[in-house]
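To keep things clear, I will list the structure first and then write my remarks on it.
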Amino acid sequence: MDSISLIKTPIEAELEDFKDLFDSPLSDSNALLDSVITHIRKRNGKMMRPILVLLVARLYSAVSPATLHAAVSLELLHTASLVHDDVVDESTERRGQLSVNAVFNNKVSVLAGDYLLATSLVHAEQTNNYKIIRLVSSLGQKLAEGELLQLSNVSNHSFSEEVYFDVIRKKTAALFAACAEAAALSVEVGEEEVAFARLLGEYIGICFQIKDDIFDYFDSKKIGKPTGNDMLEGKLTLPVLYALNTTKDEWAEQTALKVKEGTATPDEIVRLIQFTKENGGIEYACRIIEQYKKKAFDLLASLPESNICVALRTYLDYVVDREK
């Protein structure tokens, strides 16, 4: 049995309920909106965030209707943020598929993202849980703040790991943390369990984002984005930040500044990627992932052993070991 199947086994029925609920609002008499939604559905993602919601809820109790609505709300919010991010980043590809703005245009993308966001809030309200409604609303703020921080960092001439992690904690880690926290809230556990779940989700999110960033240093059709895409968008991620800060190489620093300014040539980006690999950037990022993975495993080790704990450990292994 492959990892994803093993992860899904304890929540197969609940996952089907999630899919039915997720698909139900995503159809409309508006032909253009329907075309956009159909295009988005073609991505066929692994549903990592909804799976996390369902698994964490099952740690404490049975999955409730509030759990399902929370999972749908957060997945819609995540999808809306991706549609908007592709417009901001002028990206034409998302996970091996043309982005919404590439197929349609920026106006359609922004409006479709707004529709998904509004639908996310409808599902948050349907949890009938004020804390979940507040969580989803706050997450929307954090994701926007993280994107703005990332944009403002382009004009910052320092190569700061602190800012890099600040962006992660406001974007990917915030999303995974919210998934785990919403799950705990949906089954009405105590504050201690909610805080535990949130921390677990944050550690998973940090692992997930650093792994995603590592992919950008290697050319693979499996990944669904071209090598150096982050640098083409002016972003410097953990591997190159480490190489820059440990070597203080003048050429690399000047090239990195050109990356931030959007003036680096494709050849310069290729050379900077090679420089990063030659100076331990990938290995360093992998070590950081392992540190956060251990923190997450230590949290799970504090719980009684169960098939849900096994699934969550497998989930973490998949996040760290995946090839796309």
Who pairs with [X] by side chain to side chain donor-acceptor pair (under 3.5 Å), at least two apart in sequence or on another chain?
X      : answer
Lys293 : Asp317
Lys294 : Asp298
Lys211 : none
Gln150 : none

(message) I'd like to check the salt bridge (charged side-chain N to carboxylate O under 4.0 Å, His left out) partners of Glu161; sequence neighbours left out, ordered by chain and number.
(response) none
(request) Write out all pairs satisfying ring pair (Phe, Tyr, Trp, His ring centres under 6.0 Å) with one or both partners inside residues 125-154, taking only residues at least two apart or from two chains. (result) none
(request) Output every pair passing ring pair (Phe, Tyr, Trp, His ring centres under 6.0 Å) with a member in residues 243-285, not counting sequence neighbours, ordered by first then second residue. (result)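 Listed by first then second residue: Tyr242-Tyr284.
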Any pair counted as salt bridge (Lys or Arg N to Asp or Glu O under 4.0 Å), so long as it reaches [range], sequence neighbours left out:
range            : answer
residues 103-127 : none
residues 190-209 : Arg169-Glu202, Glu181-Arg198
residues 267-278 : Lys258-Glu268

(message) Could you measure the distance from the CD atom of Glu12 to the OG1 atom of Thr9? Nearest 0.5 Å is fine.
(response)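 If I round to the nearest 0.5 Å, the distance is 5.0 Å.
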(message) Going by the rule ring pair (Phe, Tyr, Trp, His ring centres under 6.0 Å), which residues pair with His69 if we only count those two or more places apart in sequence or in a different chain?
(response)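 With sequence neighbours excluded, His69 shows a ring pair (Phe, Tyr, Trp, His ring centres under 6.0 Å) to His123, given in chain and number order.
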(message) Assess whether a salt bridge exists between Asp2 and Lys8, defined as any Lys/Arg side-chain N lying under 4.0 Å from an Asp/Glu carboxylate O.
(response)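 Result for this pair is no, no salt bridge flagged.
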(request) Might you point out which heavy atoms bring Cys207 and Ile289 nearest each other, and give the distance in Å? (result)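 That closest heavy-atom pairing would be SG-O, 3.5 Å.
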(request) Kindly give the cluster partners of Val110, where membership spreads through any ILVMFWY side chain lying under 4.5 Å from a current member. (result)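 Val87, all in the cluster of Val110.
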